[in-house]
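To keep things clear, I will list the structure first and then write my remarks on it.
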Amino acid sequence: MAEAMAKINPRTVASLLREYAQRASMRGDNPYRIKAYLRAADSLTALSQPLDRIIAAGALTKIPGIGEAIADIVTKLYQTGTHPSLEKLREDVPAGVMELFAIPGLRPDKILKLHQALGVNSLAELEAAAREDRIRPVKGLGAALQTKLLQNLAIVRSGETQLHLHKAAALLEHAVISVKQEHPEFSRVEIAGDFRRGCELVSDFALVAQARKSTGIEDTTLRLVVTDRKHFGARMLEATGSADHLEQLKTFAADKGFTQMPTGFIAGES
């Protein structure tokens with residue numbers, strides 16, 4: 001039975017809620033409700049506590065964008081991995097069609113039209129239809145859309161959750177407040193990761209907190225690094241720098257006779 005399923009991680013819940021919103025949008029549901037689902041899905045990608053703890057405390061509605069109705073949906077998704085309304089929506093179009101939502105600017109009505117008129121069920125089939133000039137003649141699609149799709153297919157990103165800077169800012173600011181409330185013993189909490197580097201798209205939601213002693217990394221959908229005052233700068237660097245930057249820094253340090261460690265640079269180590 002579905003109720004007996006193992007509880008799923010919050011990023012998967014966010015993905016399911018986003019699918020719920022996208023499928024509902026193709027059906028022409030209330031656009032404000034769709035936006036509310038998508039905002040709630042975004043919020044689930046930057047939680048400062050484990051989702052099970054939030055649900056157990058009845059605190060889902062304290063998360064930005066989550067009201068009572070969406071809290072019920074999130075709880076059901078978390079506990080069972082699905083929702084009756086989602087299952088009903090899944091009867092309308094195949095799972096592969098959802099890949100088309102990865103294309104910037106492609107509206108739900110156009111996605112549905114591509115599926116219904118041309119049988120497009122995946123990004124690969126969409127690219128084939130565009131390259132074979134099958135989109136241009138279809139009323140409601142046309143040459144301009146075909147050209148735009150060919151351009152945007154080249155920049156479609158991976159399925160990793162990425163939020164624009166302004167959306168990430170609101171979620172991370174809320175996360176800082178939440179962490180400070182949950183851990184009054186932290187004397188400092190700073191945003192790290194992609195956001196601190198000023199990336200336009202943010203996927204690494206990270207905070208660095210200062211405590212009396214280091215306790216490592218707490219992983220929810222948010223990466224919370226807890227360290228002491230002495231090592232705060234080093235852990236901030238590690239939690240903020242890109243992989244390429246950190247690798248270059250490691251090489252540079254080695255040339256100078258230092259080894260880069262999570263706690264800082266150590267002389268004479270190998």
Can you check side-chain contact (heavy atoms from CB on, under 4.5 Å) on Q181 and I177, steps first, answer last? CA-CA 6 Å; Q181 290 174 339; I177 293 170; 3.8 Å; yes
Closest approach of [X] to [Y] (non-hydrogen atoms, all atoms of both residues):
X    : Y    : value
L38  : A21  : CD2-CB, 3.7 Å
V97  : H115 : CG2-ND1, 3.7 Å
G81  : L16  : O-CD1, 3.5 Å
A209 : F232 : C-CE1, 4.0 Å
A130 : L150 : CB-CD2, 3.6 Å
Y78  : I55  : CD2-CD1, 3.4 Å

Which residue, L126, V93, L106, forms the side chain to side chain contact (heavy atoms under 4.5 Å, CB included) with I111? L106
Are more than 12 heavy atoms from other residues, nucleotides or ligands located less than 6.0 Å from atom NZ of K110? yes
Crowding at CZ, R33 (>12 non-hydrogen neighbours, <6.0 Å): no
Does a donor on one side chain sit under 3.5 Å from an acceptor on the other, for S122 and E99? no
Between [atom1] of [X] and [atom2] of [Y], what distance do you get to the nearest 0.5 Å?
X    : Y    : atom1 : atom2 : answer
Y20  : T82  : OH    : OG1   : 10.0 Å
L118 : E132 : CG    : CD    : 10.5 Å
L51  : L60  : CG    : CG    : 6.0 Å
L89  : R27  : CG    : CZ    : 4.5 Å
N9   : D52  : CG    : CG    : 11.5 Å
R131 : Q146 : CZ    : CD    : 10.5 Å

Residues that R90 engages under salt bridge (charged side-chain N to carboxylate O under 4.0 Å, His left out), provided they are two or more places apart: E19, E87
Checking S43 side chain against P64 main chain: does a donor-acceptor pair fall under 3.5 Å? yes
Donor-acceptor contact present, side-chain T75 to main-chain A71, <3.5 Å: yes
Evaluation steps, salt bridge (Lys or Arg N to Asp or Glu O under 4.0 Å), between R39 and D42: CA-CA 5 Å; R39 281 197 304 270; D42 289 344; over 6 Å; no
How far apart are the C-alpha atoms of V208 and T240, what are their side-chain angles, what is the distance that settles it, and do they pass the side-chain contact (heavy atoms from CB on, under 4.5 Å) test? CA-CA 9 Å; V208 178; T240 301; 5.8 Å; no
Hey, are the side chains of L86 and I73 touching, using non-hydrogen atoms and a 4.5 Å cut-off? no
Does the side chain of L222 come within less than 4.5 Å of L47's, by heavy atoms? no
Non-neighbouring partners of E182 that pass side-chain hydrogen bond (donor to acceptor under 3.5 Å, both in side chains), sequence neighbours left out: S48, Q49
Test of understanding: with side-chain hydrogen bond (donor to acceptor under 3.5 Å, both in side chains), list the residues that count as partners of H83, not counting sequence neighbours. none
Go through the steps to decide whether E238 and H231 satisfy the test side-chain contact (heavy atoms from CB on, under 4.5 Å), and finish with yes or no. CA-CA 11 Å; E238 183 190 30; H231 301 110; over 6 Å; no
Run R212 and E185 through side-chain contact (heavy atoms from CB on, under 4.5 Å) and show every step you take. CA-CA 8 Å; R212 294 186 65 182; E185 72 275 18; over 6 Å; no
Quick one: do R23 and D92 satisfy salt bridge (Lys or Arg N to Asp or Glu O under 4.0 Å)? Show the steps, please. CA-CA 8 Å; R23 287 184 177 277; D92 295 340; over 6 Å; no
